[in-house]
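Data block below; observations after.
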Number of protein chains: 2
Amino acid sequence: MTTESQVRQEPSLLTTLEDLGLRKTSARYAVTSRIENGSDAFTAEELCRQLPEVGRATVYRTIRHLVDAGALCKLPILDGAPMYSIARVEHHHHTICSKCGAVGEFRHSTVERVMRSLAKEIDGQITGHKMEIFITCNSCLASESDSSSDA
Amino acid sequence: MTTESQVRQEPSLLTTLEDLGLRKTSARYAVTSRIENGSDAFTAEELCRQLPEVGRATVYRTIRHLVDAGALCKLPILDGAPMYSIARVEHHHHTICSKCGAVGEFRHSTVERVMRSLAKEIDGQITGHKMEIFITCNSCLASESDSSSDA
DNA sequence: ATCCTAAATGATAGTTAGTATCAGTTAGCA
DNA sequence: TGCTAACTGATACTAACTATCATTTAGGAT
Ligand SMILES: [Zn+2]
Ligand SMILES: [Zn+2]
Ligand SMILES: [Zn+2]
Ligand SMILES: [Zn+2]
């Protein structure tokens with residue numbers, strides 16, 4: 001009856017920081033809860049704006065800790081500041097809506113299998129990979145068809 | 001006898017710019033030939049340093065034209081300025097050596113096929129994808145095994 | 001060949017995104 | 001309750017661009 005889902009409660013980002021041996025401060029509480037309560041991917045500057053009571057340096061430092069710990073993904077959106085999103089699954093890839101910037105996470109064994117098979121084709125030793133799928137998300141598709149019906 | 005390779009000569013980056021309706025200037029000649037004669041991927045700032053006679057704004061502008069035209073790839077190396085490399089194949093992906101930054105290009109139909117099959121799994125409409133494989137390149141592997149033999 | 005003009009250049013100033021410094025504050029432990 | 005290393009945040013700084021604009025130039029017209 002003591003299933004894994006009961007034992008392992010969702011670890012908050014603040015807990016992640018504690019587990020790194022870092023102190024539980026009010027600034028860190030503010031940053032991590034803002035990230036967890038926010039609905040989507042965000043940039044460092046956005047977070048700074050949303051948390052004027054926390055110093056910029058602290059916001060950036062906290063993000064860096066979380067990225068290093070693997071609790072946040074850093075997504076390089078070309079032309080502009082990188083976005084961050086909570087890493088919910090260990091190894092995964094991202095979908096990014098080119099219209100609205102919504103970020104999704106996915107994992108598919110086929111992708112991983114193909115990666116392994118590429119080892120033969122590629123010179124040197126593979127140490128990792130990254131992949132982003134660019135999409136127009138459903139809500140952007142919906143609003144697109146709205147405006148096209150006006151024309 | 002008039003094979004395609006004879007008709008279609010390797011289009012230089014300067015020609016790419018001309019084809020965009022841009023003028024053939026000495027600054028553009030300097031930038032494009034430096035890129036073509038350089039051996040590997042480069043950053044914008046590197047190019048500026050190598051071409052002190054060309055204004056920074058012009059270097060950046062020229063790079064942007066070439067990226068827009070698809071003649072250069074812009075690679076987001078996390079933490080730092082993006083690197084650029086000449087796009088030799090239409091659609092392709094990159095290998096990046098984490099040790100020395102060497103950039104390679106590859107294309108494999110399996111990857112593209114998997115992408116198409118992912119359409120079912122993913123919400124929204126796929127518009128494109130990107131993929132980077134991180135490697136330790138052969139020359140970095142060689143120098144690694146050198147130093148380990150010292151220990 | 002020379003003139004004309006829009007295109008291009010490059011010095012400089014400005015912006016954005018992030019890092020370093022460091023005096024003051026605070027968490028967590030004794 | 002006090003101690004001290006960890007942490008904070010104001011400020012200054014740097015890196016990587018981007019905007020401005022007076023000056024120069026490519027390339028077509030004559
Ligand atoms: Zn969207
Ligand atoms: Zn993967
Ligand atoms: Zn290498
Ligand atoms: Zn592809």
| remark: In whole angstroms, the gap separating C1' of C/dT9 from CG of B/Leu17 amounts to 15 Å
| query | For A/Thr43, what residues pass the side-chain hydrogen bond (donor to acceptor under 3.5 Å, both in side chains) criterion, not counting sequence neighbours? | reply | none
| note | Across all chains, not counting sequence neighbours, the side-chain hydrogen bond (donor to acceptor under 3.5 Å, both in side chains) partners of B/Glu45 are B/Arg56, B/Tyr60
| remark: Under a side-chain separation threshold of 4.5 Å, the hydrophobic residues clustered together with A/Leu75 are A/Ile77, A/Met83, A/Ile96, A/Val103, A/Phe134
| Residue pair B/Cys97 / B/Cys137: nearest heavy atoms and the distance that separates them | SG-N, 3.4 Å
| field | DNA chain C contacts among residues 55-71 of chain B, heavy-atom distance under 4.0 Å | value | B/Gly55, B/Ala57, B/Thr58, B/Arg61
| message | By the 4.0 Å heavy-atom rule, please label B/Glu46 as base, sugar-phosphate, or nothing. | response | nothing
For residues 105-113 of chain A, run the donor-acceptor check on the side chains, cut-off 3.5 Å, and write out each pair with its distance to 0.1 Å, sequence neighbours left out.
from, atom 1, to, atom 2, distance (Å)
A/Glu105, OE1, A/Arg88, N, 3.1
A/Glu105, OE1, A/Val89, N, 3.1
A/Glu105, OE2, A/Arg88, N, 3.3
A/His108, ND1, A/Thr110, OG1, 3.0
A/Ser109, OG, A/Arg113, NH2, 3.4
A/Glu112, OE1, A/His91, NE2, 3.0
A/Glu112, OE1, A/His129, NE2, 3.2
A/Glu112, OE2, A/His91, NE2, 3.2
A/Glu112, OE2, A/His93, NE2, 3.0

| query | If you walk 5' to 3' along DNA chain D, what is the first nucleotide with an atom under 4.0 Å of a heavy atom in chain B, and what is the last? | reply | D/dA16 to D/dG27
| Partners of B/Asp79 by salt bridge (Lys or Arg N to Asp or Glu O under 4.0 Å), sequence neighbours excluded? | A/Lys74
| Checking all strands, does B/Pro52 fall into the base, sugar-phosphate, or nothing category for heavy-atom contacts under 4.0 angstrom? | nothing
| Mind checking what makes salt bridge (Lys or Arg N to Asp or Glu O under 4.0 Å) contact with B/Glu18, not counting sequence neighbours? | B/Lys24
| task | Give the cluster check for B/Val114 versus A/Ile135: same hydrophobic cluster or not, with ILVMFWY residues linked at side-chain heavy-atom distances below 4.5 Å. | result | yes
| message | I'd like to check the side-chain hydrogen bond (donor to acceptor under 3.5 Å, both in side chains) partners of B/Thr58; sequence neighbours left out, ordered by chain and number. | response | B/Arg61
| said: Test of understanding: with side-chain hydrogen bond (donor to acceptor under 3.5 Å, both in side chains), list the residues that count as partners of A/Ser117, not counting sequence neighbours. | reply: none
| Net bend of the helix from C/dA1-D/dT30 to C/dA30-D/dT1, end axes of five pairs each, nearest 10 degrees | 30°
| request: Identify the heavy atoms of A/Leu13 and A/Leu66 that sit nearest to each other, and give their distance. | output: O-CD2, 3.8 Å
| Among B/Leu141, B/Asn138, B/Thr95, which one satisfies side chain to side chain contact (heavy atoms under 4.5 Å, CB included) with A/Asp123? | B/Asn138
| Contact summary for B/Ala71 and B/Thr16, nearest pair of heavy atoms | CB-CG2, 3.9 Å
| task | If a protein heavy atom is under 4.0 Å from the base, mark B; if only from the sugar-phosphate, S; if neither, -; do that for nucleotides 23-30 of chain C going 5' to 3'. | result | ---BBS--
